[in-house]
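To start, the structure itself, in structure tokens.
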There are 2 protein chains.
Amino acid sequence: MKPTLLDVAELAKVSRTTACRAMNNEGRIDEETRKRVLEAAKSLNYQPNRLAQSLRVKQSFVIGVIFSNLFAGHFYSEIFRGIEEYTSGQNYNLILGCSDGSVEKETELIESFQARQVDGLIMTPTNHMTPEAIEILENSKIPVVFIDRCSADYEHDYVGTDNLLGGKLAADYLKQLGHRNIAVCMGADAETMSVTDRLRGAVQVFEKEQMHYFTIMGKSKARNSKEFSYAAMLESMDMLKSNEATAVMAMSDSVALGASRALIEHGYRIGKDIALIGYNNDDFCPYLTVPLTTVGQPKYELGERAAELLLKKIRDKKSKCNTKIILKPKLVIRQSCGEF
Amino acid sequence: MKPTLLDVAELAKVSRTTACRAMNNEGRIDEETRKRVLEAAKSLNYQPNRLAQSLRVKQSFVIGVIFSNLFAGHFYSEIFRGIEEYTSGQNYNLILGCSDGSVEKETELIESFQARQVDGLIMTPTNHMTPEAIEILENSKIPVVFIDRCSADYEHDYVGTDNLLGGKLAADYLKQLGHRNIAVCMGADAETMSVTDRLRGAVQVFEKEQMHYFTIMGKSKARNSKEFSYAAMLESMDMLKSNEATAVMAMSDSVALGASRALIEHGYRIGKDIALIGYNNDDFCPYLTVPLTTVGQPKYELGERAAELLLKKIRDKKSKCNTKIILKPKLVIRQSCGEF
DNA sequence: GTGAAAGCGCTAACAT
DNA sequence: ATGTTAGCGCTTTCAC
């Protein structure tokens, strides 16, 4: 049986309380006894039971992370790293779940994490959180920070990048290059707030500059966005030609990669016969045969900032609940839109 | 304040015990009262405190997952998905940490997870787990399953793929294609057991078939294997020429991608001037300009099987501790070694 | 079928 | 500076 604090106390010939104080470096305690307790603990290989601790102090030092999708490039891995490195230094652990885009699973996870008394929650909500799910969140009074996406009609804290600006950046760049006919290629997550914002941003530019554009939206049930956009682009080849599109703007780098494959198979040379721009600046971009021009997001920082904000909220509960941290995307020019 | 079981009991005019029985669908209880309790619970929005439960029953229904690296392509994401989907159906939650290759962090995580009373642990150990870390694991008596990699000298359960075979598969294929001079390109994780096994497998073939080979091993401190192998390959261009290598065998798809970029910049056409084979069958492989031939691993299944094995161990503690589940890799032929 | 009481391992008021 | 006692929210004998 694992040794408990009482075992330590007995070995050190003190009371539980004193042992407890020694373990937690509390004030009023004799240096001598403190050492004795620590030694006893060590010799017994004592390890405090965090469950009991958490129960008692009503603080678990666990934070829940819910992603809606684990495939999406390195995007979530990087965000997770940001969260992990920030929080682990402060003695927190992370409990992770993936809703896989399902509202039911999302709700289950929220409830399950709540039941485990997480101190806070960082999540990318599914496109359409049900009012029910939102109510659960609000009732629970658990601090929540949304990341990357957020739920439209609900007061919340949020960390993300300026997707509207990102869309504009991409569109502007295409405009500068003289493109007038743009194919916008969507991924399976087209309804996501971050994606619709990108599109809105781009469209603002298109309209202002009187550029033509049309969207390519697959309908396959592909399991990842590369496959999805590959199929979509393949189906849209005629459309591309009849519209005389000279550039394709993809809503993510994965989408760009899938689309590029279809383009290549149809004889297009990326960066020469057609321009291609992605989004996210995934790891693979610089290494493609023709390195992908894209709009970069500070993924790691996104996670870090979300963690920082959440911990702040946890510390002073009263902090008002409507902070938005919006980081800036930036254009990363490589060769896929031609060289200049 | 959150309602407790006692609140529910009072509202339903029964004792805590009865309320507890009702919530847990236990036997000896009147159907009437059961319903009454359930209603009371619902009206109070009662949610059992899993911390208290776990403390009492000495089972947390949490399992710890420790990866050594979160960048490595989709490899770990897929594994995680496998674990997550298998365990979440059984009411488990996952607490995830990343050792980032550091033995200290790994040890910290193990201890931290232990303190949280995880029911079991799934981990990819760092290359060189210290005896200390191993001792901690053994003392704790927590069921552990290693995944992908394993620690050499220590009895354990393990789920992985047959990397020796994988290496052979790749080498054999190259041989069949008539290649006699192979450049083997290593990533930053060259000392990893899974990678050394791949190399050993390949070398067995090389020697048997009297093929020549040499290794390319970068020395940069790059943050990902694409960057790492890109730099390495760039530095090794002369070597490649003087050895008249006609094929490069990369220890992972990321490494292949980085290497391919260097090759392309030096005028090589992948699949024509030089053959390139990767490992893992990452998502991006089919979509590259010249789709990458590679050795595929069943990543999702790896996670699933590990979870399955761990839960089995948790259930019957006495099950002997030396199960090895070795899945088979398979060659995935695309175009990067030429077409036939 | 139901309840009283004890206790999981820890911490914190309150005494001394 | 140390100890006594109560209690976090739950489950589980054991008695009725």
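Just the heavy atoms: all of them, side chains too, but no hydrogens, waters or symmetry mates, feed the values below. Residue numbers begin at 1 in each chain, while the letters A, B, ... track the order of the sequences.
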Would you mind classifying the nucleic acid contact of [X] as base, sugar-phosphate or nothing, using non-hydrogen atoms under 4.0 angstrom?
X       : answer
B:Leu55 : base
A:Thr33 : sugar-phosphate
B:Thr4  : sugar-phosphate

Anything under 30° is parallel, anything over 60° is perpendicular, the rest tilted; go ahead and classify B:Phe61 against B:Tyr92.
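Aromatic pair B:Phe61/B:Tyr92 classed tilted.
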Counting distance alone, no hydrogens or angles: does the base of D:dA1 have a donor or acceptor under 3.5 Å from a partner atom on the side chain of A:Thr18?
no
Give a yes or no on whether a donor-acceptor pair under 3.5 Å exists between the nucleobase atoms of D:dT11, that is its base, and the side chain of B:Arg21.
no
Partner set under salt bridge (charged side-chain N to carboxylate O under 4.0 Å, His left out) for A:Glu106, not counting sequence neighbours
none
Within residues 36-50 of chain A, those residues having any heavy atom closer than 4.0 Å to DNA chain C are A:Tyr46, A:Pro48, A:Asn49
Out of [options], which nucleotide sits closest to the side chain of [X]?
X       : options               : result
B:Arg28 : C:dA13, C:dG3, D:dC10 : C:dG3
B:Leu5  : D:dT11, C:dG3, C:dT11 : D:dT11
A:Thr17 : D:dT11, C:dA12, D:dG9 : C:dA12

So, is A:Lys2 close to the C:dC8 phosphate, meaning a side-chain N or O under 4.0 Å from OP1 or OP2?
no
Ignoring hydrogens and geometry, is there a side-chain-to-backbone donor-acceptor pair from A:Thr126 to A:Val103 under 3.5 Å?
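A pair under 3.5 Å: no.
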Result of checking B:Val62, B:Val118, B:Val65 against B:Phe113 for side-chain contact (heavy atoms from CB on, under 4.5 Å):
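Option passing the side-chain contact (heavy atoms from CB on, under 4.5 Å) with B:Phe113: B:Val118.
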